[in-house]
Amino acid sequence: MSIGNRRKSKEINFYLKYNYDPAAEIRKRNIRNLIIPIACVAAAFVVVFAALMIPAWVKQAKTGDYNDYISDPTTVQQYKEAKAVETERNGLENEYKELNDLTVDMAAMPTASRALIEEVRSCLGSAEGTGYTFSSGDGAFVITLQTSNVSELPAIVTRLRQTGEFKNVEYKGYQSSDKKYITTITCSYDMTGE
């Protein structure tokens with residue numbers, strides 16, 4: 001090593017030392033220590049704000065597109081037509097269900113067949129059936145008859161019960177007119193399906 005190289009390494013710059021202010025360095029370091037956390041918090045706030053607001057802005061833009069579509073007169077007209085078709089369809093569906101239920105109910109109801117009426121007539125004996133009424137809704141077969149022999153009425157009721165067609169057979173008295181006795185016999189079907 002030469003002497004000149006050694007001197008260079010030991011040179012001191014007094015001007016830099018003269019201008020050096022330790023208090024100013026501390027102030028700079030304090031400002032830096034204050035600014036860096038504030039900047040980090042502000043950056044974090046900006047990131048969180050962007051993360052929350054960008055989806056909202058995207059939704060708002062889509063909502064605007066949807067509102068434009070919804071308020072378009074063509075779309076409004078198409079919606080009204082579709083709503084009318086839906087209303088008609090629902091009405092027809094309800095009618096279909098009601099008719100289907102009615103068909104099922106009617107299939108479960110008893111019917112007054114020709115064979116049943118002939119069997120009832122054969123049970124009347126010498127009495128004359130003057131009226132037959134059948135209500136499938138409540139399962140009532142009402143027979144109005146007249147006879148000249150009042151003692152024949154209990155036998156007619158017994159024969160009707162013996163047919164096995166009815167759950168209940170009853171009559172409530174009779175009326176007499178010109179030596180004819182008129183009564184009404186109510187025969188009830190079992191509507192419970194038992």
Side-chain angles (χ1 to χ4, degrees), residues 55-194:
W57 291 330
V58 169
K59 284 183 183 178
Q60 187 177 13
K62 286 182 181 178
T63 303
D65 293 343
Y66 293 146
N67 286 336
D68 291 343
Y69 176 75
I70 290 170
S71 61
D72 181 26
T74 305
T75 305
V76 171
Q77 181 61 31
Q78 289 173 347
Y79 174 77
K80 287 179 181 177
E81 290 171 3
K83 191 67 176 165
V85 168
E86 179 185 26
T87 302
E88 182 181 0
R89 183 209 59 205
N90 290 344
L92 291 173
E93 181 181 17
N94 288 339
E95 285 181 31
Y96 173 77
K97 286 180 182 176
E98 288 173 6
L99 287 173
N100 194 33
D101 291 345
L102 182 62
T103 303
V104 168
D105 290 345
M106 286 177 64
M109 290 181 183
T111 57
S113 66
R114 181 176 289 283
L116 176 65
I117 293 172
E118 291 301 321
E119 188 173 3
V120 167
R121 282 185 179 154
S122 70
C123 292
L124 298 182
S126 64
E128 177 188 350
T130 59
Y132 300 94
T133 306
F134 178 69
S135 172
S136 62
D138 58 4
F141 187 68
V142 180
I143 307 161
T144 304
L145 59 93
Q146 69 180 12
T147 182
S148 57
N149 184 1
V150 74
S151 61
E152 189 178 10
L153 292 177
I156 293 171
V157 170
T158 302
R159 286 191 298 267
L160 286 170
R161 284 183 181 143
Q162 289 174 347
T163 64
E165 294 288 336
F166 306 109
K167 175 178 84 169
N168 190 20
V169 178
E170 62 182 31
Y171 80 102
K172 296 180 182 172
Y174 55 88
Q175 296 176 348
S176 64
S177 172
D178 296 329
K179 296 185 182 184
K180 298 266 183 185
Y181 300 96
I182 301 169
T183 188
T184 302
I185 300 175
T186 303
C187 305
S188 302
Y189 280 98
D190 183 9
M191 297 299 289
T192 62
E194 296 174 2

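- In terms of heavy-atom proximity, Y174 sits nearest to T183 at CB-CB, 4.0 Å.
- Considering OG1 of T144 and CD1 of I185, their distance stands at 9.0 Å, rounded to 0.5 Å.
- Of all heavy-atom pairs spanning V169 and R161, the tightest one is O-NH2, 2.6 Å.
- A pairwise comparison of heavy atoms in V120 and Y132 identifies CG1-CE2, 4.2 Å as the closest pair.
- Residues satisfying the ring-ring contact (aromatic ring centres under 6.0 Å, His included) criterion with Y171, sequence neighbours excluded, are absent altogether.
- Here CG of L124 is found 8.0 Å from CZ of R159. Values are rounded to the nearest 0.5 Å.
- Contact between C123 and T163 at its shortest, heavy atoms only, is SG-CG2, 3.6 Å.
- A distance of 6.5 Å separates CG of L153 from CG of L145, quoted to the nearest 0.5 Å.
- The CD atom of E170 lies 6.0 Å from the OG atom of S188; values are rounded to the nearest 0.5 Å.
- A 6.0 Å sphere centred on CD of E81 holds more than 12 heavy atoms belonging to other residues, nucleotides or ligands.
- In terms of heavy atoms, C187 sits closest to I143 at SG-CD1, 4.0 Å.
- Annotation: salt bridge (charged side-chain N to carboxylate O under 4.0 Å, His left out) contacts involving residues 82-95, sequence neighbours excluded, comprise K83-E86, E93-K97.
- No donor-acceptor contact under 3.5 angstrom links the side chains of N149 and T147, judged on distance only.
- In this view, T74 and D72, Q78 satisfy the side-chain contact (heavy atoms from CB on, under 4.5 Å) rule, not counting sequence neighbours.
- Pairs engaging residues 175-184 under the salt bridge (charged side-chain N to carboxylate O under 4.0 Å, His left out) rule: none recorded [sequence neighbours left out].
- Listed by first and then second residue, the salt bridge (charged side-chain N to carboxylate O under 4.0 Å, His left out) pairs that reach into residues 117-132 are E118-R121, sequence neighbours excluded.
- In this structure, Y66 has no ring-ring contact (aromatic ring centres under 6.0 Å, His included) partners at least two apart in sequence or on a different chain.
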